[in-house]
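Please read the structure below before turning to the comments.
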Amino acid sequence: MPSQESRPTIHIPGTTSHTIAPRAGRYSREGSLRYLKAGTGAPLVLLHTVRTQAEHFRHLIPLIADHYTVYALDLPGMGYSEIVPGASYEEPAMRAGVKRLLTELDLHDVTLVGESMGAVLALTTTADLPERVRRVVAVNAYDFRGGIARSSLLARVVVSGVLAPGVGPVIAGVEPKPALSKILQGGLGDKSALREDYVDELLQVGRRPGYPTVARAVYQALPSLIAARSHYPEIKAPVHLVYGEKDWSRPSDREANKRLLPAADFTQVPKAGHFITLERPDVLADLLNAVA
């Protein structure tokens, strides 16, 4: 559980917070994982985007909790999951965290839902654990070059600064609220969908000791999300690809994934951007509840 000093400022009605303890021995760098749980029914796991956390799904969880037992994971080092010095944030390490949730809780017949980075992890985890995953819904998969840098000039400048040798760690530790808000709004068709209290929560997490190192490492590891596309053809479970009309991905990026996953269903959400969960949770809820 988060400590008193780092308790989330947002509570999602009906959810409880839990922790998966780190494993001993060679897995000691994995750290503890925090997740939220809500609802009843078959298990559904939610995987968040770059620079966010389980509370990213604050509007979606109440819409699906009558149909599923929902688990919203804080990916390793993010949200209130443990920050472990020297840990990897490459895609395989992130995927290992997701697999820990499924195996430690012994979940079967799982619907895996991820957005952005979480979408890539949902797809690759499904490839690795076919006996546990029933279906996967990948929302705006972040598996193309450019990514958030396509959002705006400000995003390109900030990401380039975070990745720069020498000054990168310093820039990663400086996160003014107006800048973070502007960058996140660049992923929205409806800018008003970004709530101020959510930005405040993200900033609180950003002040956790060691978090700037995590943030920089995640941006450095983004090419590993592109490389992870090689696992998509291994997926046996049904796949639903969801994209916002105004997502950072280009039509060619979406078509490339359609070719890798020719049997996948495909939905494009009109006027929506990269963070569909924030601006159109109703669309995802309708899609998920229809197949519960």
Side-chain angles (χ1 to χ4, degrees), residues 2 5-10 47-59 74-81 83 89 94 115-120 139-223 225 244 246-250 271-281:
E5 293 75 20
S6 61
R7 189 173 299 277
T9 59
I10 291 173
L47 305 175
H48 62 79
T49 75
V50 174
R51 185 53 190 94
T52 68
Q53 59 198 69
E55 280 76 15
H56 185 72
F57 300 103
R58 64 188 295 194
H59 302 304
D74 277 348
L75 292 168
M78 297 175 228
Y80 296 93
S81 287
I83 295 173
Y89 294 96
M94 295 289 95
E115 185 163 73
S116 185
M117 172 176 66
V120 178
V139 183
N140 289 330
Y142 195 122
D143 53 9
F144 50 89
R145 297 191 183 280
I148 193 171
R150 297 180 183 176
S151 168
S152 65
L153 175 60
L154 175 61
R156 288 195 294 275
V157 170
V158 170
V159 172
S160 296
V162 168
L163 294 174
V167 298
V170 176
I171 295 174
V174 179
E175 198 171 39
K177 184 175 180 178
L180 179 60
S181 297
K182 189 71 173 177
I183 290 171
L184 292 174
Q185 285 177 337
L188 294 168
D190 176 8
K191 311 301 183 188
S192 68
L194 182 66
R195 307 292 179 85
E196 185 173 0
D197 62 343
Y198 180 55
V199 179
D200 289 338
E201 170 61 32
L202 296 179
L203 289 169
Q204 173 173 281
V205 165
R207 292 190 289 270
R208 293 179 63 202
Y211 192 86
T213 300
V214 174
R216 186 166 189 256
V218 169
Y219 283 121
Q220 290 174 321
L222 290 179
L225 298 178
K246 298 182 178 180
D247 180 47
W248 301 325
S249 61
R250 299 183 176 121
K271 300 181 180 179
H274 190 67
F275 302 118
I276 293 177
T277 297
L278 296 183
E279 55 182 333
R280 294 301 309 273

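For reference, positions follow the sequence shown, starting with 1.
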**Prompt:** Which residues pass the salt bridge (charged side-chain N to carboxylate O under 4.0 Å, His left out) test with Asp200, sequence neighbours left out?
**Reply:** Lys177
**Request:** Decide yes or no on side-chain contact (heavy atoms from CB on, under 4.5 Å) for Tyr219 and Val50, but give the supporting numbers first.
**Result:** CA-CA 8 Å; Tyr219 283 121; Val50 174; 4.1 Å; yes
**Pro8 vs Ile10 side-chain heavy atoms within contact, under 4.5 Å** = no
**Asked** CG/Leu194 to CD1/Ile183 distance, rounded to the nearest 0.5 angstrom?
**Response** 11.5 Å
**Request:** Quick one: list whatever passes ring-ring contact (aromatic ring centres under 6.0 Å, His included) with Tyr211, sequence neighbours left out.
**Result:** none
**Message:** Distance check, rounded to the nearest 0.5 Å: Leu184 atom CG versus Thr52 atom OG1?
**Reply:** 8.5 Å
**Request:** Nearest 0.5 Å please: distance from the NE2 atom of His48 over to the CG atom of Leu75.
**Result:** 3.5 Å
**Prompt:** Can you name the salt bridge (charged side-chain N to carboxylate O under 4.0 Å, His left out) partners of Arg150, sequence neighbours left out?
**Reply:** Asp253
**Message:** Does anything in residues 178-189 form a side chain to side chain donor-acceptor pair (under 3.5 Å)? List the pairs, not counting sequence neighbours.
**Reply:** none
**Request:** Please answer whether the main-chain N or O of Gly186 pairs with a side-chain N or O of Trp248 as donor and acceptor at a distance below 3.5 Å.
**Result:** yes
**Request:** List the atom of Val218, the atom of Met117, and the distance in Å for their closest heavy-atom pair.
**Result:** CG1-SD, 4.4 Å
**Request:** With rounding to the nearest 0.5 Å, note down the distance linking CG in Asp197 to OG1 in Thr9.
**Result:** 7.0 Å
**Message:** Just by distance, no angles: are the side chains of Tyr80 and Gln204 close enough, under 3.5 Å, to form a donor-acceptor pair?
**Reply:** yes
**Asked** Can you name the closest pair of heavy atoms from Ile276 and Gly244 and give their distance?
**Response** CD1-N, 3.4 Å
**Request:** Compare every heavy atom of Tyr89 with every heavy atom of Gly77, then report the nearest pair and how far apart it is.
**Result:** CA-OH, 3.7 Å
**Asked** Should we count NZ of Lys271 as having more than 12 external heavy atoms under 6.0 Å?
**Response** no
**Item:** NE2 on His274 to CD1 on Ile148, rounded to 0.5 Å
**Value:** 7.5 Å
**Fill in**
Nearest heavy-atom approach of Pro212 to Gly206 is CD-O, 4.1 Å
**Prompt:** Taking atom types as modelled, is there a side-chain donor on Thr49 or Glu115 under 3.5 Å from an acceptor on the other?
**Reply:** no
**side-chain contact (heavy atoms from CB on, under 4.5 Å) evaluation trace for Arg195 with His59** = CA-CA 11 Å; Arg195 307 292 179 85; His59 302 304; 4.1 Å; yes
**Request:** Could I get the full list of side-chain hydrogen bond (donor to acceptor under 3.5 Å, both in side chains) partners for Arg208, not counting sequence neighbours?
**Result:** none
**Message:** Angle between ring planes, Tyr198 versus His56, binned at 30° and 60°: parallel, tilted or perpendicular?
**Reply:** tilted
**Asked** Taking Val120 as the fixed residue, which of Leu47, Leu222, Leu225 is the one that meets the side chain to side chain contact (heavy atoms under 4.5 Å, CB included) rule?
**Response** Leu225
**Request:** Using the test salt bridge (charged side-chain N to carboxylate O under 4.0 Å, His left out), find all partners of Asp74 that sit at least two apart in sequence or belong to another chain.
**Result:** Arg34
**Asked** Where do Met78 and Met94 land on the side-chain contact (heavy atoms from CB on, under 4.5 Å) test, with the steps shown first?
**Response** CA-CA 10 Å; Met78 297 175 228; Met94 295 289 95; 3.6 Å; yes
**Prompt:** side-chain hydrogen bond (donor to acceptor under 3.5 Å, both in side chains) with Ser151: which residues, sequence neighbours excluded?
**Reply:** none
**Complete:** Contacts of Glu279 meeting salt bridge (charged side-chain N to carboxylate O under 4.0 Å, His left out) (sequence neighbours excluded), chain-then-number -> none
**Request:** Using side-chain hydrogen bond (donor to acceptor under 3.5 Å, both in side chains) as the criterion, list what pairs up with Ser81, not counting sequence neighbours.
**Result:** none
**Message:** For the CG atom of Asn140 and the NZ atom of Lys246, what is their distance to the nearest 0.5 Å?
**Reply:** 13.5 Å
